[in-house]
There are 2 protein chains.
Amino acid sequence: MDDFLSACRLCVGHANVLTAEQDKTPYETEWRRRVQGKALAVIRPGNTNEVAAIVALCLAHRVPIVPQGGNTGLVIGSIPDQQGRAIILSLRRMTQIRAVDAGNFTLVAEAGCTLAQVQQAADAAGLLFPLSLASEGSCTIGGNLASNAGGTAVLRYGNARELCLGLEVVCANGQIWHGLSGLRKDNTGYDLRQLYIGSEGTLGIITAAVLKLYPKPAAQKTAWLALESPQQALQILRAASQALGAMLTTFELMADICLQLVLQHIPGSTPPLAQPAPYYILLELSDQESEQHANVAMEQLLQHLFEAGLISDAVIAVSLQQARQLWSLRENISMAQAAKGKNLKHDISVPISAIPAFITQTNALLQQHFPACQVVCFGHMGDGNLHYNVSPPSDNQDAFFAAEKQITTLVHDQVQLFHGSISAEHGIGAMKRADLAKYTSPTDMLLMRTIKQALDPLDIMNPGKIL
Amino acid sequence: MDDFLSACRLCVGHANVLTAEQDKTPYETEWRRRVQGKALAVIRPGNTNEVAAIVALCLAHRVPIVPQGGNTGLVIGSIPDQQGRAIILSLRRMTQIRAVDAGNFTLVAEAGCTLAQVQQAADAAGLLFPLSLASEGSCTIGGNLASNAGGTAVLRYGNARELCLGLEVVCANGQIWHGLSGLRKDNTGYDLRQLYIGSEGTLGIITAAVLKLYPKPAAQKTAWLALESPQQALQILRAASQALGAMLTTFELMADICLQLVLQHIPGSTPPLAQPAPYYILLELSDQESEQHANVAMEQLLQHLFEAGLISDAVIAVSLQQARQLWSLRENISMAQAAKGKNLKHDISVPISAIPAFITQTNALLQQHFPACQVVCFGHMGDGNLHYNVSPPSDNQDAFFAAEKQITTLVHDQVQLFHGSISAEHGIGAMKRADLAKYTSPTDMLLMRTIKQALDPLDIMNPGKIL
């Protein structure tokens, strides 16, 4: 391996081949500190040609490659296993915004740009890059695309997949695929871009992307709605979609327990309404026209929902500060739950119309088999995506966590029953690999393995992830 | 082959294995009658299991398969070559709308449903399926997806690709991939759906699809704008996007020659404005709110464009009938040009911002090399997609058509120079196969060939198309 590392140093410079333990550790450590992998070295190329040269060296020396962006993923997809044979190929030095083309509503970003940096570049051009997630200050756009990130604006703008018009990729054979097309229509053969997006670095390394930009809204209005049940939420979603169309940009559902956890554990939180209710919706609309038009649209919608008996109470934020407070109630749920203690998380999706039945039946089954467990259910209802987390009962926590596998199996079996997905937005990585094989049809697995084998016959691209 | 045909008859019934010349001819003939292929037989399975059984028989007997929907494609993708070895597998008997789920904003349609049938099923559920194209009465949704159809609503709703959440496919190995997911978020491995969409039947046969539905707009307003140049069109697009956001659903650019051809050749056509102008835009907005709000939005936009000096005249349709008249001026361009005589068509796209320079430079080059030829340029400017057609000079037509290859090469070379696509929405088929290889990088071709080889090693799925 000394020859290999020497060649890497020649290629990217001594300073960018990290082999000392203390230098490698931050890259080897999963950010929630659940796992630490072991890398032969961390290699930090500065441009696409250097990435290609490193891949060529890895092919020649049969060294596995784990591509890494911001290392903020949730499924152990960006760190190596324990063997110490793989390199971590960090894209974090590739941080150029290569071009902004406001007339084409696009920009070209290198893989190592943080999501926040991309958002800022769009903003500076008077436009919006709508992808938005909790880790946007540290996650990278390359990682967002490799994992097809979701976030809070999917309902209106789609996942990362829908926001990308073209890619530059260093393929598993070491060749550079120059696919940085800025076209909205291009029917010249297979859509390779879509194959690399969401493939979690197992088919190649995304080094740059053309991203879609949108006009900035003139106004945004945020409201907090109190309701009885997910069934009502479904009716509210239908009514809001009909009234607002593409103006509807957020539709987040929460059970009351989520709000109570935040009020209890996050200092400075205040209840948005006088009385608690079984469920809440955080609803946001974006308006191209004016603050006034946005106000009227929101007021008319809420009036309609009251009259239809679908909501019992509601508040509209009258300032940006109030809007942020409502958002923070939603965004702090995970942190509040963590403050209370360990819990079991499930990032799942089902057809939107199946959400009420899924919640009712799964809650009941969990209570039946694991009495007094606490379901903390919230998520992007407009996308059919729930974060269906389960906390232990206040006593007998050890028995609960000993049954972790049974609990997750119960939830995932329910997801399968409702034709849903066991990984809505986080991906598979190493963490859900066994579950993928369990819940995916043999035909589907065969197709995926065939593609992997064809494009990466030596299995050097992020081995042990997904497949 | 008698054994093979007997087995096919056992599988789908005698009546659905067509071998008589007069029965096969309509399926073998390209609809613009430019080419006629030769099929061993036309086989019409009635359900997915029958499709899979026929594919298995074709594999066993090494019989190539040409999948066919409405046979309305424009690139000779749905008919076989002259050898008479291939079967045409017609999906037209599979016409069930299997399910409508208004709460999930989806429906499940079999491949042989016409696009109009899908639109009607959505409409009956109070929702909109926005894909719309000239041949919607006879093209099938399976063909739309296999060719990633575009049409007139791409600016707002995307191509066929963006309107599909899941697929059922009979793979080239004869297995059925049950991918009829109705999920907006599903990050469980490679997105196989995206690989089959746009692959023109070369990787498998789409037998059913889950399609995305949208709320119906409350009102639509259509306007016809007069302007000086594509450069102004670019500024108008930016202003309209900023003012209308997702309300902007159509932005079609036409040179004056397009209007003049329609007025001259299509009976009943009347000029929309008192004076001709060098260019026109057909602009439509869709409003979730009300007719009145739509009116105000359109009037305010046009007033802004007048004041900014971007348009010289405009008319807003005040009735559905007037709107249809404006649309017919746009939709009849191809027919008017055909009435005048044969011409050379180019379905191309470039980045939206490059459209003005592309048109100016390419027009000039054509005039320089092929004096007095007539460029009939129109298209979906909001998507960067131009139908850049070239008609012969009034005299010396023979010399013009003798230079067909040079003219198309000139146009496609210009497309390449502007980082565009030589097939924006029609696909490759057999017609543009040589051009694909010419204008696509070796890396891109290698990736596509590797995928084809891996998924269809016997090359029985629509051989000779795309690759």
Side-chain angles (χ1 to χ4, degrees), chain A residues 101 103-104 147-148 150 154 159 162 171 175-178 181-192 194-195 198-199 215 217 234 238 241-246 288 349 351-353 383-385 419-428 436 440-441 443-444 447-448 450-451 454-455 466, chain B residues 101 103-104 147-148 150 154 159 162 171 175-178 181-192 194-195 198-199 215 217 234 238 241-246 288 349 351-353 383-385 419-428 436 440-441 443-444 447-448 450-451 454-455 466:
Chain A
D101 182 349
N104 194 42
S147 63
N148 187 29
V154 175
N159 296 286
E162 281 85 31
C171 307
Q175 292 184 15
I176 302 170
W177 174 50
H178 295 281
S181 148
L183 306 175
R184 266 124 187 115
K185 281 187 174 172
D186 181 12
N187 278 347
T188 49
Y190 308 151
D191 196 335
L192 300 170
Q194 301 287 2
L195 194 56
S199 67
L234 195 60
R238 178 72 189 262
S241 296
Q242 183 57 51
L244 302 175
Q288 290 304 120
S349 65
I352 299 168
S353 50
D383 317 318
N385 180 193
H419 308 291
S421 167
I422 59 159
S423 185
E425 59 176 4
H426 296 165
I428 298 299
L436 180 77
T440 305
S441 75
T443 300
D444 204 333
L447 287 166
M448 289 200 272
T450 302
I451 291 166
L455 294 181
I466 300 183
Chain B
D101 183 349
N104 194 41
S147 62
N148 186 28
V154 175
N159 297 285
E162 280 84 30
C171 306
Q175 291 184 16
I176 302 170
W177 173 52
H178 295 280
S181 147
L183 306 174
R184 265 117 188 122
K185 280 186 173 172
D186 180 13
N187 279 347
T188 50
Y190 308 151
D191 196 334
L192 300 171
Q194 301 288 0
L195 194 56
S199 67
L234 195 61
R238 178 73 189 260
S241 296
Q242 184 57 51
L244 302 175
Q288 291 304 121
S349 65
I352 299 167
S353 50
D383 317 318
N385 179 193
H419 308 292
S421 167
I422 59 158
S423 186
E425 60 176 4
H426 296 166
I428 299 297
L436 180 75
T440 305
S441 75
T443 300
D444 205 334
L447 287 167
M448 290 200 271
T450 302
I451 291 166
L455 294 181
I466 301 182

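This structure is a prediction, so every number in the text was calculated from the model and none was measured. By convention in this document, chain letters (A, B, ...) are assigned in the order of the sequence lines, proteins followed by strands, and residues within each chain are numbered from 1. Values below: all heavy atoms of this structure, side chains included; hydrogens, waters and symmetry mates excluded.
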Task: Passing candidate, side-chain hydrogen bond (donor to acceptor under 3.5 Å, both in side chains) with A:D186, options B:S349, B:S423, B:S421 - done: B:S421

Open item on the list: Taking side chain as everything from C-beta outward and backbone as N, CA, C, O, which of these in A:N148 sits under 4.5 Å from a heavy atom of chain B? Side chain, backbone, both or neither.
Closed with: both

Task: Option in A:L436, A:L195, A:L447 with maximal non-hydrogen atom pairs under 4.5 Å from chain B - done: A:L447

- [ ] Could you have a look at B:S441, B:G189, B:G384 and say which one has the most heavy-atom pairs with chain A under 4.5 angstrom?
- [x] B:G189

- [ ] Heavy-atom distances under 4.5 Å only: say whether A:S199 touches chain B with side chain, backbone, both or neither.
- [x] both

Task: Closest non-hydrogen atom pair between B:Y190 and A:I466, with its separation - done: CE2-CD1, 4.0 Å

Task: Best-contacting candidate, B:H419, B:H426, B:E425, against chain A by heavy atom pairs under 4.5 angstrom - done: B:E425

- [ ] Please report the C-alpha distance between A:N159 and A:E162 in whole Å, then the side-chain angles of each, then the deciding distance to 0.1 Å, and finally whether the side chain to side chain contact (heavy atoms under 4.5 Å, CB included) criterion is met.
- [x] CA-CA 5 Å; A:N159 296 286; A:E162 281 85 31; 3.4 Å; yes

TODO: Heavy atoms only, distances under 4.5 angstrom: which of B:S353, B:P215, B:A243 has the most pairs with chain A? Name it, please.
DONE: B:S353

- [ ] Please determine, among A:T440, A:D101, A:I422, the option with the most heavy-atom pairs under 4.5 Å with chain B.
- [x] A:D101

Task: Between A:P351, A:P217, A:A454, the one whose heavy-atom pairs under 4.5 Å with chain B are most numerous - done: A:P351

- [ ] Quick one: which of A:I352, A:I451, A:V154, A:N385 has the most heavy-atom pairs under 4.5 Å with chain B, could you say?
- [x] A:I352

Task: Residue selection (most heavy-atom pairs with chain A, distance under 4.5 Å) from B:Q175, B:K185, B:M448, B:H178 - done: B:K185

- [ ] Among the options A:A424, A:S147, A:A246, pick out the one with the most heavy-atom pairs lying under 4.5 Å from chain B.
- [x] A:A424

Open item on the list: Between B:L234 and chain A, with a heavy-atom cut-off of 4.5 Å, which part of the residue counts as in contact: side chain, backbone, both or neither?
Closed with: side chain

TODO: Give the member of A:D383, A:I428, A:T450 that has the highest number of heavy-atom pairs under 4.5 Å with chain B.
DONE: A:D383

TODO: Locate the shortest heavy-atom distance separating A:Q194 from B:Q194; write the atom from each residue and the value.
DONE: CB-CB, 3.4 Å

Open item on the list: Report which part of B:D444 has an atom under 4.5 Å of a heavy atom belonging to chain A: side chain, backbone, both, or neither.
Closed with: both

Task: Minimum heavy-atom distance between B:W177 and B:L192, given as atom pair plus value - done: CH2-CB, 3.7 Å

- [ ] Report the option among B:C171, B:G245, B:G182 that has the most heavy-atom pairs separated by less than 4.5 Å from atoms of chain A.
- [x] B:G245

